[in-house]
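Right, one structure below, let's go through it.
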Amino acid sequence: MKRFLRALVQALRLTLKGESLTPRHFRPLEDWIARGLDLLNEAERAAAAQRLDLAALQLKLDGRPISLARTLQMLRHNLVNEYPRLIRLDDAFSMMVVSASNMNDQYRVSQFLAQSELPAETRAALVALDAHLQALPQPLPP
């Protein structure tokens, strides 16, 4: 219980100072994550506007079938949950795990761009998302 209260007090102090739990050297990555979520939302909105069934768009990648809907769900999970958790850990392997996961996400998105018949607006949104995923920033020196 003491540990929880200590963490709560620390979080309140940081909030009052306008700071976050993210280490300062990971701020570029934090901004990259936020922009990635914006681009992901734009891609999903473009597909919805064109009444595109993302679950019906499927490829066989690495011997397994995967849909564009599932690909975007996994990317959202990484951007919302995994990457922020890893950068808060701030250990020697955090950035390596973020890089590897991002590489997988970018690979799946690029394969859908290369092999799928997509409407122009959805394709443009996915191209922007793919380019963003390729531009993963490196953390600043601590």
Side-chain angles (χ1 to χ4, degrees), residues 3-142:
R3 192 170 166 191
F4 171 76
L5 289 174
R6 224 176 301 136
L8 179 64
V9 168
Q10 179 187 9
L12 285 172
R13 281 187 193 143
L14 288 172
T15 301
L16 292 173
K17 291 179 184 177
E19 297 178 5
S20 72
L21 292 175
T22 303
R24 197 173 303 281
H25 56 278
F26 279 122
R27 296 280 163 76
L29 184 58
E30 192 173 53
D31 295 339
W32 178 87
I33 290 168
R35 179 70 181 138
L37 279 170
D38 291 342
L39 291 169
L40 176 58
N41 290 332
E42 287 176 28
E44 290 174 336
R45 275 194 298 273
Q50 296 167 335
R51 301 193 191 289
L52 188 62
D53 183 7
L54 297 178
L57 290 173
Q58 296 211 0
L59 292 176
K60 194 168 196 175
L61 297 179
D62 302 324
R64 294 177 298 232
I66 188 165
S67 69
L68 183 53
R70 183 69 179 137
T71 295
L72 297 179
Q73 288 170 351
M74 289 188 293
L75 175 57
R76 180 175 302 282
H77 173 77
N78 284 338
L79 291 170
V80 170
N81 298 308
E82 294 302 318
Y83 299 164
R85 182 184 63 80
L86 285 164
I87 62 177
R88 276 190 219 104
L89 281 176
D90 194 20
D91 66 11
F93 301 105
S94 293
M95 195 60 201
M96 187 185 321
V97 175
V98 170
S99 295
S101 295
N102 179 65
M103 191 180 307
N104 287 332
D105 292 333
Q106 189 275 322
Y107 168 73
R108 286 188 292 269
V109 170
S110 70
Q111 293 304 301
F112 275 99
L113 283 170
Q115 299 178 11
S116 294
E117 294 294 323
L118 295 169
E121 287 182 33
T122 302
R123 175 172 290 286
L126 286 175
V127 164
L129 179 61
D130 182 54
H132 179 74
L133 294 175
Q134 291 180 44
L136 180 70
Q138 294 303 307
L140 301 171

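This one's a predicted model, so the numbers in the text were calculated from it and none came from an experiment.
Summarising the geometry, atom CD belonging to Glu121 is positioned 11.0 Å from atom CG belonging to Leu52; distances are rounded to the nearest 0.5 Å. The CZ atom of Arg108 sits 5.5 Å away from the CG atom of Asn104 when rounded to the nearest 0.5 Å. In this structure, CG in Leu40 is found 13.0 Å from CD1 in Ile33, a value given to the nearest 0.5 Å. Here Gln58 contributes atom CD and Thr71 contributes atom OG1; the two are 9.5 Å apart, rounded to the nearest 0.5 Å. Taken from CG in Leu59 to CZ in Arg70, the straight-line distance is 15.0 Å, to the nearest 0.5 Å.
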Criterion side-chain contact (heavy atoms from CB on, under 4.5 Å) on Leu75 and Leu129, from CA distance to verdict: CA-CA 11 Å; Leu75 175 57; Leu129 179 61; 3.7 Å; yes

Working for side-chain contact (heavy atoms from CB on, under 4.5 Å), residues Asn102 and Leu133 = CA-CA 7 Å; Asn102 179 65; Leu133 294 175; 3.3 Å; yes

- Take Leu29 and Leu136 through the side-chain contact (heavy atoms from CB on, under 4.5 Å) test and state the conclusion after the steps. CA-CA 7 Å; Leu29 184 58; Leu136 180 70; 3.6 Å; yes

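You'll find the side chain of Leu72 stays beyond 4.5 Å of the side chain of Phe112, heavy atoms only. No side-chain heavy atom of Met103 sits less than 4.5 Å from a side-chain heavy atom of Ser99. Contact of the Leu126 side chain with the Leu68 side chain is registered, since non-hydrogen atoms from C-beta on lie closer than 4.5 Å.
Applying side-chain hydrogen bond (donor to acceptor under 3.5 Å, both in side chains) to Thr122 and the options Glu42, Glu44, Gln50 leaves one that passes, Gln50.
Relative orientation of the Tyr83 and Trp32 rings is tilted, given thresholds of 30° and 60° on the angle between their planes.
No side-chain donor-acceptor contact under 3.5 Å links Arg76 to the backbone of Leu37.
Taking all atoms of both residues into account, the shortest heavy-atom contact from Ala125 to Ala43 is CB-CA, 3.5 Å. Contact detail for Leu79 and Gly36: the closest heavy-atom pair is CD1-C, 3.8 Å. Ala69 approaches Ala55 most closely through the heavy-atom pair CB-N, 3.6 Å. Annotation for Leu57 and Glu117: closest pair CD2-O, 4.4 Å, computed over non-hydrogen atoms.
Using modelled atom types and a 3.5 Å distance limit, the side chains of Glu82 and Ser101 yield no donor-acceptor pair.
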